[in-house]
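Below, chains carry the letters A, B, ... as their sequence lines are ordered, and counting in each starts from 1.
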There are 2 protein chains.
Amino acid sequence: MEIQGLPGKLLAELGPAIASGELAEGAVLRIEELETRFGVSRTVVREAVRILESMRLVASKRRVGITVQPRRDWDVFDPLVIRWRLAGADRPAQLRSLGSLRVAVEPAAAALAAQYASPDDCRELSSLAVELTVTARAADLTAFLRHDIAFHATVLRASGNEMFAHLGDTVGAVLTGRTEHKLMPHQPRAYAVQLHREVAEAICAGAPERAEQAMRTIVTGAMQELAAELG
Amino acid sequence: MEIQGLPGKLLAELGPAIASGELAEGAVLRIEELETRFGVSRTVVREAVRILESMRLVASKRRVGITVQPRRDWDVFDPLVIRWRLAGADRPAQLRSLGSLRVAVEPAAAALAAQYASPDDCRELSSLAVELTVTARAADLTAFLRHDIAFHATVLRASGNEMFAHLGDTVGAVLTGRTEHKLMPHQPRAYAVQLHREVAEAICAGAPERAEQAMRTIVTGAMQELAAELG
DNA sequence: TCGCGCCAAAGGTATGACTTATTCAAGACG
DNA sequence: CGTCTTGAATAAGTCATACCTTTGGCGCGA
């Protein structure tokens, strides 16, 4: 868990409960209730609630209590919120949202990377592309996933845009979830691997158009698989 | 300020100070120091620090204190972080990042909106397009800005993607900043207004390609103006 | 029936005591 | 002389309590 100490424990309970809808919009908590329920002091409860409040999952008002806010107010870009939603009943909706976001962002990031990638980025991408090819052939899904995550994170980072770069972890979470969930029986598709090589090559060659196009094919493909899987 | 009470006051001081680099990476604060500096109790200081910690602007360690974290760790999608950076020395970098993000996201959102917009969304977009035309002609920059923000927010919302929808406020902040900063002397460009009409029309007509293309022209145009202005 | 004012409930703040982790340095031992 | 151990000082973390402030709702009276 990202947040440390006792407040972290509370968050680890309350966050997922809210994200999954178990604590529905409008539900009201009271500080005292949480104190006894978790056997901690007011200090701890208040700090945890403050954090939930800063994510806009809850709002606290005098004489009323701590109220769970409607979904549309949630800070859906907060990494913890994303993780909590991915872990619960909201998982399909969250995956769809993230899928669309990837379709929008990753091709743009690839294009920028083709313009701004450093020699080191380029080396890393080439190396990762090779690893992807090898591990795919060997049907080593664990290693493949690790390199796949690193590949996408590297492209996002190489774009030079800090906001894109920060989506690396989130994309990683999506990829991890996909592998775990489908428990992919067969090895990754050769075509997808080929596209990753194409992206790496285009970026290293400084060809934004090609990089963008190849990346777009990757993420729209992922989006379609996702749509098929979720119905 | 988004966060209420005394902790909000602290955040309003500390957030911008960190975002602007005034409190540089590695700078150390102590709770007691903040207590006396702001004349508040530990409770308040701790809650404020917890929030900064959840944004990853600082990390707090025993026997060390509260340390300002390196930029790359910051939660750059947090609305408050964005606002603080826009208000300070990081403004150009933040604008560039947001510009790229808009170029990536808004065309995709427009395409999705063309598929999923409700009749109400469509009505609103058409109405806003008219308002844009009128206020542009009248050179009423305040009203124009208000409608421009509403227009982009509506497109993002109509995409049906909650994550896109949440970027509405941020885009609004960028547009506001642009108007205030340049203190636009002349009326908005007729060409840009025309493009907004085109977007509204394409969305209402259910034409994703056209909507996406028109929106892309708008945001890349904005990006170029931005690049020109920032050098 | 409507409006005004009072009260109680719940969060917000302040404070002091105590706990725990961590760094740094002094001292012991090889 | 260097390294390892141990201990003390420091600063955050937690707890319990008291008190302040806001505000929603109830009851009283017009």
Side-chain angles (χ1 to χ4, degrees), chain A residues 1-15 17-18 22-70 73-75 80, chain B residues 1-15 17-18 22-70 73-75 80:
Chain A
M1 103 197 52
E2 308 253 331
I3 279 133
Q4 52 210 12
L6 295 198
K9 305 271 187 197
L10 293 219
L11 286 175
E13 285 267 320
L14 294 177
I18 296 171
E22 193 182 322
L23 278 172
E25 169 182 349
V28 175
L29 303 169
R30 278 170 308 112
I31 288 185
E32 198 190 340
E33 167 198 340
L34 295 173
E35 271 181 64
T36 61
R37 176 167 151 204
F38 290 99
V40 295
S41 73
R42 200 179 169 76
T43 315
V44 170
V45 173
R46 286 190 52 77
E47 286 177 19
V49 168
R50 276 289 190 198
I51 292 172
L52 291 174
E53 217 176 344
S54 83
M55 297 168 174
R56 301 182 168 284
L57 294 188
V58 304
S60 124
K61 269 180 56 178
R62 285 183 155 139
R63 171 70 206 217
V64 173
I66 297 145
T67 313
V68 176
Q69 296 299 101
D73 287 350
W74 296 358
D75 197 347
L80 278 178
Chain B
M1 100 197 53
E2 310 253 331
I3 279 132
Q4 53 209 11
L6 295 198
K9 305 270 188 196
L10 293 221
L11 287 174
E13 284 267 320
L14 295 175
I18 296 172
E22 191 182 323
L23 279 171
E25 168 181 349
V28 175
L29 303 170
R30 279 170 309 110
I31 286 184
E32 198 190 338
E33 169 198 340
L34 295 173
E35 270 181 65
T36 62
R37 177 167 150 205
F38 291 99
V40 295
S41 71
R42 266 202 303 303
T43 317
V44 169
V45 173
R46 287 189 53 76
E47 287 177 18
V49 168
R50 276 289 190 199
I51 292 172
L52 290 175
E53 217 177 345
S54 82
M55 298 169 174
R56 302 184 167 283
L57 294 188
V58 304
S60 129
K61 271 179 53 178
R62 284 181 158 150
R63 169 71 208 217
V64 174
I66 296 144
T67 314
V68 176
Q69 296 299 102
D73 287 350
W74 297 356
D75 196 348
L80 277 177

Check: Considering all heavy atoms of both residues, which atom of E35(B) and which atom of S41(B) are nearest to each other, and what is their separation?
Finding: CG-C, 4.0 Å

Take atom [atom1] of [X] and atom [atom2] of [N], then tell me their distance rounded to the nearest Å.
| X | N | atom1 | atom2 | value |
| --- | --- | --- | --- | --- |
| L29(B) | dA12(D) | CG | C1' | 13 Å |
| L10(A) | dG13(D) | CG | P | 15 Å |
| R62(B) | dT23(C) | CZ | P | 12 Å |
| I66(A) | dA9(C) | CD1 | P | 17 Å |
| E53(B) | dG13(D) | CD | P | 7 Å |
| E33(B) | dA11(D) | CD | P | 11 Å |
| L6(A) | dA12(D) | CG | P | 17 Å |
| E35(A) | dT14(D) | CD | P | 14 Å |

Check: Can a donor-acceptor pair under 3.5 Å be found between the side-chain atoms of R63(A) and the base atoms of dA8(C)?
Finding: yes

Margin query: At less than 3.5 Å, do the side-chain atoms of R50(B) and the base atoms of dG13(D) form a donor-acceptor pair?
Written below: no

Given [options], which nucleotide is nearest the side-chain atoms of [X]?
| X | options | value |
| --- | --- | --- |
| R42(B) | dA12(D), dT15(C), dG16(C) | dG16(C) |
| I31(B) | dA17(C), dG12(C), dA12(D) | dA12(D) |
| V44(B) | dT13(C), dT15(C), dT22(D) | dT13(C) |
| R30(B) | dA12(D), dT13(C), dG12(C) | dA12(D) |

Next item on the list: Identify the residue among V58(A), T67(A), L23(A) that makes a side-chain contact (heavy atoms from CB on, under 4.5 Å) with L29(A).
Entry: L23(A)

Next item on the list: Select base, sugar-phosphate, or nothing to describe what T43(B) touches, counting heavy atoms under 4.0 Å on all strands.
Entry: base

Under 4.0 Å: is that the gap between some side-chain N or O of [X] and OP1 or OP2 of [N]?
| X | N | answer |
| --- | --- | --- |
| K61(B) | dG13(D) | no |
| R46(A) | dG12(C) | yes |
| S41(B) | dT13(C) | no |
| S60(A) | dA10(C) | no |

Checklist line | side-chain contact (heavy atoms from CB on, under 4.5 Å) evaluation trace for L80(B) with I51(B) | finding: CA-CA 11 Å; L80(B) 277 177; I51(B) 292 172; 5.6 Å; no

Next item on the list: Flag the pair E47(A) and R50(A) as a salt bridge only when some basic side-chain nitrogen lies within less than 4.0 angstrom of an acidic carboxylate oxygen.
Entry: no

Check: If you pin G39(A) and V64(A) to their nearest nucleotides in DNA chain D, which one's is more 5'?
Finding: G39(A)

Margin query: I'd like to know whether V44(A) forms a side-chain contact (heavy atoms from CB on, under 4.5 Å) with K9(A), so could you lay out the CA-CA distance, the side-chain angles of the two residues, the decisive distance to 0.1 Å, and finally the verdict.
Written below: CA-CA 10 Å; V44(A) 170; K9(A) 305 271 187 197; over 6 Å; no

